[in-house]
Peer 1: 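To start, I am sharing the structure in question, which I have written as structure tokens.
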Amino acid sequence: VAFPYKFALYSEFSEITYVEPGPAEFLTLISKAKFIFTDSFHGTAFCINFNKQFYTFDRQYGNNQSQTSRITDILEMFNLSSRFVKDEKSFVDINSTIDYERVNEILIEERIKSEEYLLKSIEKVKDDCTKHRLK
């Protein structure tokens, strides 16, 4: 399955299905896939969340600003830098599997940090609103 656009390279593969998914379809496709090749941050993040085997390619942005740093940052955070394919000379081993035990430990730690940050931010907004009402 390839989305959201067609590459000439895909014509080299015999059975490619092209789809233009919305958010629900995007998540369903990732959650049901056995192996994923992506060039997007969100594709990478959902692969990690769904514990999928994957590789992330460096996206060719043309004249747009590169977003590679946020992809490499998330891969580094989860010790998955080996899953980043920088160029066509990079080696991809589809038989190499990700051991998600440590990845999931890090994921839990990061979720806790995010929840704490959000709760502190909400409390600050509540405090600010209370202070402004008293004046």
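Every heavy atom of this structure was used, including side-chain atoms; hydrogens, water molecules and symmetry mates were not.
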Peer 1: Looking only at heavy atoms, which two atoms of Arg70 and His42 are closest? And how far apart?
Peer 2: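 Taking Arg70 first and His42 second, the nearest heavy atoms are NH2-CE1, 4.0 Å.
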
Peer 1: Please give me the minimum heavy-atom distance between Ala33 and Lys52, naming the atom from each residue.
Peer 2: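 Taking every non-hydrogen atom into account, O-NZ, 2.9 Å.
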
Peer 1: Check whether more than 12 heavy atoms from other residues, nucleotides or ligands sit under 6.0 Å from atom CG of Leu118, and answer yes or no.
Peer 2: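 Result for CG/Leu118: enclosed.
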
Peer 1: How far apart are the closest heavy atoms of Ser40 and Ile71, and which atoms are they?
Peer 2: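 Closest approach of Ser40 to Ile71, heavy atoms only: C-CD1, 3.9 Å.
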
Peer 1: Out of curiosity, does Ile74 fall in the hydrophobic cluster containing Phe84 (side-chain heavy atoms, cut-off under 4.5 Å, transitive links)?
Peer 2: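 Same cluster.
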
Peer 1: If hydrophobic clusters are built by linking Ile, Leu, Val, Met, Phe, Trp and Tyr wherever their side-chain heavy atoms come under 4.5 Å apart, do Leu107 and Phe41 end up in the same one?
Peer 2: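 Same hydrophobic cluster.
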
Peer 1: Nearest heavy-atom pair of Tyr55 and Val85: which atoms, and what distance?
Peer 2: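 Looking at all heavy atoms of both residues, the shortest contact is CD2-CG2, 3.8 Å.
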
Peer 1: Under 3.5 Å, is there a donor-acceptor pair between the Thr44 and Thr56 side chains?
Peer 2: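 Distance-only check passes for Thr44 and Thr56.
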
Peer 1: Rounded to the nearest 0.5 Å, what separation is found between the CD atom of Gln53 and the OG1 atom of Thr97?
Peer 2: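 Going from CD on Gln53 over to OG1 on Thr97, the span is 5.5 Å.
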
Peer 1: Whether Glu123 and Lys126 form a salt bridge (side-chain N of Lys/Arg under 4.0 Å from carboxylate O of Asp/Glu) is what I want to check.
Peer 2: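 Yes, charged N to carboxylate O under 4.0 Å.
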
Peer 1: Verify, without hydrogens or angle tests, whether Glu25 (side chain) and Gly22 (backbone) share a donor-acceptor contact under 3.5 angstrom.
Peer 2: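 Such a contact is found between Glu25 side chain and Gly22 backbone.
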
Peer 1: Would you name the heavy atoms of Ile30 and Gly43 that are closest together and state the gap between them?
Peer 2: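 For Ile30 and Gly43, the tightest heavy-atom pair comes out as CD1-CA, 4.1 Å.
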
Peer 1: Evaluate the ring planes of Phe26 and Phe46, with Trp represented by its six-membered ring, and classify them as parallel (under 30°), tilted (30 to 60°) or perpendicular (over 60°).
Peer 2: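 Aromatic pair Phe26/Phe46 classed perpendicular.
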
Peer 1: Got a second to check how far Asp99's CG is from Leu80's CG, nearest 0.5 Å?
Peer 2: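 Those atoms lie 10.0 Å apart.
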
Peer 1: Drop me the distance from Ser69's OG to Glu76's CD, to the nearest 0.5 angstrom.
Peer 2: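 Nearest 0.5 Å value for the OG-CD distance: 10.0 Å.
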
Peer 1: Are Lys113 and Glu116 close enough for a salt bridge, meaning some N to O gap below 4.0 Å?
Peer 2: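 Result for this pair is no, no salt bridge flagged.
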
Peer 1: Can you measure from SG (Cys47) to CD1 (Ile36) and round to the nearest 0.5 angstrom?
Peer 2: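 One gets 3.5 Å once the value is rounded to the nearest 0.5 Å.
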
Peer 1: To the nearest 0.5 Å, what is the distance between CG on Asn49 and CG on Leu27?
Peer 2: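 Those atoms lie 9.5 Å apart.
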
Peer 1: What is the distance from atom CD1 of Ile98 to atom CG of Asn51, rounded to the nearest 0.5 Å?
Peer 2: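 Atom-to-atom, Ile98:CD1 and Asn51:CG are 8.5 Å apart.
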
Peer 1: Are Phe57 and Ile94 in one and the same hydrophobic cluster, where Ile, Leu, Val, Met, Phe, Trp and Tyr link if side-chain heavy atoms are under 4.5 Å apart?
Peer 2: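 In one cluster with Phe57: Ile94, yes.
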
Peer 1: Which pair of heavy atoms, one from Phe54 and one from Tyr100, lies closest together, and at what distance?
Peer 2: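 Minimum heavy-atom separation between Phe54 and Tyr100: CE2-OH, 3.5 Å.
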
Peer 1: I'd like to know if Asp128 pairs up with Lys124 as an ion pair, taking the criterion as any Lys NZ or Arg NE/NH1/NH2 lying under 4.0 Å from an Asp or Glu carboxylate oxygen.
Peer 2: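 A salt bridge links Asp128 with Lys124.
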
Peer 1: Between Arg102 and Glu109, is the closest basic N to carboxylate O distance under 4.0 Å?
Peer 2: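 Yes, charged N to carboxylate O under 4.0 Å.
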
Peer 1: Could you tell me if Ser96 and Arg83 have a donor-acceptor pair between their side chains, going purely by distance under 3.5 Å?
Peer 2: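 Ser96 and Arg83 do have a side-chain donor-acceptor pair below 3.5 Å.
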
